[in-house]
Amino acid sequence: MENKERFYNALKEYNGKLNEIDLGEKIGLTEDETMEIIAQLLSEYKIEHESNRLCNYRVLKKITVGNMNCVQKRVF
């Protein structure tokens, strides 16, 4: 859990300036650990896949519209 939060925060901080594997290595994760965390964050709708940047993933932010809590807004 701690590694997931560290990776998620680093992903926001670096804003696509490093690819996801290099970003994981920068915070001390192996490639396998990084990919497992990415899978978890995707399943939680905290990130989305975007292949036209150096980093293939983008952070999403949840917003509330009326009584709907599952609408996503891009952070960057």
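FYI, side chains are in, hydrogens and waters are out, and symmetry mates aren't considered; it's all heavy atoms of this structure.
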Inter-residue atom distance Tyr57.OH - Ile38.CD1, 0.5 Å rounding: 5.0 Å
NZ-CG distance between Lys12 and Leu60, expressed to the nearest 0.5 angstrom: 11.5 Å
Nearest atoms (heavy-atom pairs only) where Gly24 meets Thr34: CA-OG1, 3.5 Å
Cys55 side, atom SG; Leu18 side, atom CG - distance, nearest 0.5 Å: 8.0 Å
Reported OG1-to-CD distance for the pair Thr30 and Glu25, which is rounded to 0.5 angstrom: 8.5 Å
From Glu48 atom CD to Leu41 atom CG, the distance as rounded to the nearest 0.5 Å: 13.0 Å
Electrostatic pair Glu33-Lys4, nearest N-O below 4.0 angstrom: no
Flag side-chain contact, heavy atom, 4.5 Å: Glu50 against Asn56: no
Pairwise distance NZ(Lys26) to CD1(Ile21) - rounded to 0.5 angstrom: 15.0 Å
Residues Leu29, Arg6; criterion side-chain contact (heavy atoms from CB on, under 4.5 Å); working and verdict: CA-CA 10 Å; Leu29 302 174; Arg6 284 187 357 188; 4.3 Å; yes
Heavy-atom donor-acceptor pair, Asn9 side chain to Glu5 backbone, under 3.5 Å: yes
